[in-house]
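Reading through the structure tokens given below for one structure.
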4 protein chains.
Amino acid sequence: MRNGNDENLVGSFPFVPRQERAVKKKDALLQSGRYLFITKGYENTTAKEIAAHAGVATGTFYRYFSDKRQLFMYLVKDKLANLLPPEPEWEAGDPEQLLFSLLENYQQRLYEVKLDKVVVELLPKDPDLAETLKEAKRNMHNRICNGLKRAQEKGHVWKDLDPSAIAWSVLVLLENAAKDDSGQSIDFRQLARLIGRMVFPPEIIKRLQSEQQAKSE
Amino acid sequence: MRNGNDENLVGSFPFVPRQERAVKKKDALLQSGRYLFITKGYENTTAKEIAAHAGVATGTFYRYFSDKRQLFMYLVKDKLANLLPPEPEWEAGDPEQLLFSLLENYQQRLYEVKLDKVVVELLPKDPDLAETLKEAKRNMHNRICNGLKRAQEKGHVWKDLDPSAIAWSVLVLLENAAKDDSGQSIDFRQLARLIGRMVFPPEIIKRLQSEQQAKSE
Amino acid sequence: MRNGNDENLVGSFPFVPRQERAVKKKDALLQSGRYLFITKGYENTTAKEIAAHAGVATGTFYRYFSDKRQLFMYLVKDKLANLLPPEPEWEAGDPEQLLFSLLENYQQRLYEVKLDKVVVELLPKDPDLAETLKEAKRNMHNRICNGLKRAQEKGHVWKDLDPSAIAWSVLVLLENAAKDDSGQSIDFRQLARLIGRMVFPPEIIKRLQSEQQAKSE
Amino acid sequence: MRNGNDENLVGSFPFVPRQERAVKKKDALLQSGRYLFITKGYENTTAKEIAAHAGVATGTFYRYFSDKRQLFMYLVKDKLANLLPPEPEWEAGDPEQLLFSLLENYQQRLYEVKLDKVVVELLPKDPDLAETLKEAKRNMHNRICNGLKRAQEKGHVWKDLDPSAIAWSVLVLLENAAKDDSGQSIDFRQLARLIGRMVFPPEIIKRLQSEQQAKSE
DNA sequence: TATGAATGAGTCTTCATTCAT
DNA sequence: GATGAATGAAGACTCATTCAT
């Protein structure tokens with residue numbers, strides 16, 4: 001639509017449509033906010049700084065965002081998928097192998113987001129953010145849980161363990177593994193194996209591994 | 001003079017040192033700080049508020065603490081032992097039973113502390129606190145790790161799992177279980193069983209359980 | 001746009017830059033600071049007061065000055081030349097006449113500055129300011145000293161007096177004369193004569209005076 | 001009196017009479033105040049510090065002095081005589097010699113007092129102190145002035161100089177010489193000679209000097 | 001008298017937000 | 001829409017002075 005109208009203008013200014021510039025500014029602000037939040041923490045970053053870093057005036061910040069918090073929410077919601085651990089596919093092959101690549105993959109995604117620490121800074125103060133995240137985690141949990149239930153029905157998962165409890169544990173381990181906050185970095189290969197023991201009885205693991213072997217040959 | 005009088009008093013209270021009132025005030029401030037930090041978050045609580053809540057003047061706050069952070073550090077260091085998950089005893093009986101009571105116990109302790117959220121709020125901004133906690137976690141990790149190594153040498157723990165990785169996982173699960181931030185509360189009995197699978201091969205669990213049975217008969 | 005309009009205006013004011021208002025505000029703050037420092041003393045004047053007196057908000061003060069001290073330094077450095085006594089020209093005519101007009105002139109300058117008392121209040125606490133002033137006085141002393149040396153070489157100044165000591169005395173007298181802190185105002189004409197005796201032997205004074213007389217006829 | 005009574009007391013406590021202890025405390029406070037004012041400046045010294053340095057409680061400070069200012073006033077009034085330059089005796093011998101020893105003597109006294117800088121810090125803020133000092137200086141000025149008048153009547157002082165102006169100059173030079181704030185220390189011998197030229201015609205100086213010579217032989 | 005803990009008014013400073021241009 | 005100067009509420013912290021013991 002916009003384009004349609006614009007094309008009719010002869011001799012119009014070198015064209016950068018208004019909205020487009022606006023989008024660019026908003027983006028610049030988001031990027032700057034993200035960078036500064038990650039670098040200096042949420043509270044230590046002022047709206048003025050974000051504006052300056054984005055190359056716009058302080059007042060412009062408030063044209064695009066009602067306040068600092070809103071900008072941050074944009075960031076979080078944008079990256080929410082990346083902040084959450086993905087759902088493992090349990091029976092598509094060697095579970096240890098699958099979990100390992102999933103862990104690596106997730107760490108990479110978290111590395112790209114880097115907002116997790118900032119999120120944690122805000123969580124206790126921002127019930128809204130807390131709710132958003134809780135909701136997302138609930139979804140994630142349900143998906144993992146359902147996958148586990150299906151596997152359990154086929155007798156592939158420990159019979160006496162509650163899929164919900166397993167799902168919770170898997171989520172927690174994935175999250176924390178990727179955050180790597182302890183200093184001593186976690187061996188993902190080991191962790192994958194460990195999660196395997198938690199989910200599958202030994203004989204199932206062996207079977208899935210040999211099936212995988214067969215497939216790949 | 002005072003001593004002279006006091007000596008005449010039979011059954012008088014143990015001499016109330018001048019400091020006692022001071023200690024009470026310091027305690028009141030700590031309690032108020034704790035309450036407000038938990039209720040409103042760290043940043044949202046001012047020194048003035050803490051003082052008011054403790055029923056003293058602003059200046060009094062600064063007689064006892066150099067600033068808000070110091071008060072908080074007092075709280076944390078005081079409760080540090082309670083903030084950290086305890087070391088499980090792996091082979092003193094049925095591991096599922098042991099882990100279960102450990103989890104319950106730990107949750108109780110965390111419940112009494114309640115500072116975990118506030119700690120998390122400060123962690124990204126306070127390298128000092130971060131270091132203190134990291135240190136404490138390292139200790140905890142080592143202790144668990146050593147226990148696991150001993151058990152592994154006796155062939156009681158999965159041979160192909162790294163004790164360090166197991167210890168890390170156990171710590172993470174304990175921590176998160178007690179925090180119960182997901183909304184859907186975790187079934188500790190299930191979690192205990194789950195950790196058991198992570199640590200011991202099935203036959204060991206059975207053996208430990210039957211030994212326990214024998215003992216208790 | 002603005003430029004376009006402005007170009008059409010004949011005899012319009014030189015372009016009023018955005019900064020101009022800012023400069024005015026800074027000036028207003030400086031003036032208010034000056035007034036309040038002089039009136040109430042440095043320590044008794046708060047940044048808030050200065051801002052209020054200048055008709056701006058407290059925060060505005062801190063936009064222009066990092067703190068009270070910086071504002072004061074601006075004032076001092078601005079007026080430093082006026083705070084210091086000028087160099088007398090010894091032999092351009094009747095020395096008593098020359099010194100007299102120099103004294104009057106200097107008093108006028110000090111009267112315009114009025115910061116001397118405030119400077120004195122800060123001197124013991126501000127090594128920086130002390131150094132700045134000492135430096136300036138050293139320069140002044142050297143200049144007077146050199147003038148005296150030249151005159152001494154021509155035999156116009158007491159042979160047995162050290163030019164440095166004379167210069168120091170002259171400086172001290174000039175400074176204090178202008179400050180007029182004693183209540184009983186100093187007769188500049190007398191003081192000029194007095195300094196003359198300090199510098200020149202009687203016969204030189206007479207000679208310079210008669211030369212001056214000759215010139216002016 | 002006090003002693004008389006006390007001697008009658010048999011078995012009295014090792015005697016330190018109340019008032020005497022009080023006097024000691026007051027003295028200790030004065031000494032500490034003096035030390036701290038000189039060391040750290042007036043504003044930078046708190047009542048609490050003075051009390052602590054004197055080894056008494058904060059409250060005790062306020063028993064003896066209504067506030068910091070009063071303590072300072074005690075100090076100043078106590079040392080006022082030392083703070084002011086003494087009156088020169090003009091005709092008791094070689095004036096240059098007399099002035100020289102007077103200068104040395106005065107510097108020694110100022111050195112013992114050391115309060116001059118602190119006085120200056122307070123002067124602009126304390127009209128009372130300012131008045132006290134002005135008064136003292138007026139007295140001093142008058143005494144010097146009278147001495148000069150007598151000498152002038154005998155024809156020993158420049159006829160065309162106002163004794164008041166001379167007295168003022170002498171005072172100023174004496175004061176500033178002793179303060180020695182310039183860094184380059186003043187040669188007192190030179191200064192004495194210089195003041196001599198200011199007061200006496202050359203032939204009088206010669207005469208006074210030769211009389212002195214005669215006397216001392 | 002002596003104590004020193006307690007007070008709270010007052011200062012400095014920051015920063016989210018508004019608004020005239 | 002864009003600017004960035006201006007605002008002023010609010011927080012951290014100090015210290016002269018009081019007062020219960």
Side-chain angles (χ1 to χ4, degrees), chain A residues 18-19 21-22 25 43-52 55-71, chain B residues 1-2 16 18-26 43-52 54-69, chain C residues 1-2 16 18-26 29 43-52 54-69, chain D residues 18-19 21-22 25 43-52 55-70:
Chain A
R18 300 200 164 215
Q19 289 189 16
R21 265 187 307 162
K25 279 195 180 159
E43 289 289 351
N44 288 331
T45 302
T46 71
K48 199 176 178 179
E49 280 174 320
I50 298 174
V56 301
T58 320
T60 308
F61 180 99
Y62 287 90
R63 172 161 302 281
Y64 292 105
F65 303 97
S66 65
D67 53 20
K68 204 168 61 160
R69 196 181 155 281
Q70 203 198 36
L71 186 152
Chain B
M1 272 215 290
R2 254 165 74 340
V16 178
R18 172 136 326 155
Q19 291 184 326
E20 181 137 325
R21 265 182 313 154
V23 167
K24 271 190 187 159
K25 250 163 212 179
K26 190 165 185 173
E43 289 289 351
N44 288 331
T45 303
T46 71
K48 203 175 179 176
E49 277 175 321
I50 297 174
V56 301
T58 321
T60 306
F61 179 97
Y62 289 94
R63 165 170 293 281
Y64 293 104
F65 304 97
S66 64
D67 54 18
K68 207 169 56 161
R69 196 181 158 281
Chain C
M1 273 214 291
R2 256 165 73 336
V16 177
R18 171 138 327 155
Q19 291 182 327
E20 180 137 327
R21 263 183 313 154
V23 168
K24 270 191 187 159
K25 252 165 210 178
K26 191 166 184 172
L29 282 166
E43 290 289 350
N44 288 329
T45 303
T46 71
K48 203 176 180 177
E49 278 174 321
I50 298 174
V56 301
T58 320
T60 307
F61 180 97
Y62 288 94
R63 165 170 295 281
Y64 294 104
F65 304 97
S66 64
D67 53 19
K68 208 168 56 160
R69 195 179 161 282
Chain D
R18 301 202 163 212
Q19 289 188 18
R21 264 187 308 163
K25 276 191 183 161
E43 289 290 350
N44 288 332
T45 302
T46 71
K48 200 176 178 178
E49 280 174 320
I50 298 174
V56 301
T58 320
T60 307
F61 180 98
Y62 286 90
R63 172 161 301 282
Y64 292 104
F65 303 96
S66 64
D67 54 19
K68 207 168 55 160
R69 197 182 155 281
Q70 204 198 37

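Every chain is numbered from 1 and lettered A, B, ... according to where its sequence line falls, protein lines coming before strand lines.
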Scan L71(A), T46(A), V56(A) and name whichever one has a side chain to side chain contact (heavy atoms under 4.5 Å, CB included) with F61(A).
->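 Exactly one candidate clears the test, L71(A).
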Tell me the interatomic distance from [X], atom [atom1], to [N], atom [atom2], rounded to whole angstroms.
X	N	atom1	atom2	result
I50(C)	dT11(E)	CD1	P	12 Å
F61(C)	dT7(F)	CZ	P	14 Å
K68(C)	dG10(E)	NZ	P	16 Å
K48(B)	dT14(F)	NZ	C1'	14 Å
K26(C)	dA5(F)	NZ	P	12 Å
N44(D)	dA16(F)	CG	C1'	15 Å
R69(C)	dC12(E)	CZ	C1'	16 Å
Y64(B)	dA5(E)	OH	P	7 Å

Taking every non-hydrogen atom, the tightest pair across L29(C) and A54(C) =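 Looks like CD2-CB, 3.8 Å.
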Check A51(D) against A57(D) and note the closest heavy-atom contact, atom names and distance.
->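 Residues A51(D) and A57(D), closest heavy atoms: CB-O, 3.6 Å.
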Could you tell me whether the side chain of K68(B) and the main chain of I50(B) form a donor-acceptor pair under 3.5 Å?
->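 Not a single qualifying donor-acceptor pair exists.
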Would you verify whether the NZ or CZ of K26(C) falls within 45 degrees of the ring axis of F65(C) while also being under 6.0 Å from that six-membered ring's centre?
->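 Geometry flag: set, cation within 6.0 Å and 45°.
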Identify, between T58(A) and V56(D), the residue whose nearest nucleotide on DNA chain E lies closer to the 5' end.
->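 Upstream on the strand: V56(D).
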Identify whether any heavy atom of F65(C) sits under 4.0 Å from a base atom; if not, whether one sits that close to sugar-phosphate; answer base, sugar-phosphate or nothing.
->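 No contact.
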Assign T46(A) to base, sugar-phosphate, or nothing according to its heavy-atom contacts below 4.0 angstrom with the strands shown.
->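 Sugar-phosphate: the residue T46(A), judged by heavy atoms under 4.0 Å, touches backbone atoms but no base.
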Which residue lies toward the 5' end of DNA chain F, S66(B) or G55(C), if each is placed at its nearest nucleotide?
->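 Between the two, 5'-proximity favours G55(C).
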Does a nitrogen or oxygen in the side chain of [X] sit under 4.0 Å from OP1 or OP2 of [N]?
X	N	result
K25(C)	dA6(F)	yes
R63(A)	dG1(F)	no
T60(A)	dT3(F)	yes

Which of the following nucleotides, dA16(F), dG11(F), dT7(F), is nearest to the side chain of A47(D)?
->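 My answer, after comparing the listed nucleotides, is dA16(F).
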Consider the side chain of Y62(A), meaning its heavy atoms from C-beta on, and name the nucleotide among dC12(E), dA16(E), dC13(F) that approaches it most closely.
->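 For the Y62(A) side chain, the nearest candidate turns out to be dA16(E).
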Strictly by Watson-Crick or wobble contacts shorter than 3.5 Å, is anything paired with [N], and which nucleotide is it?
N	result
dA20(E)	dT3(F)
dT14(F)	dA9(E)
dT14(E)	dA9(F)

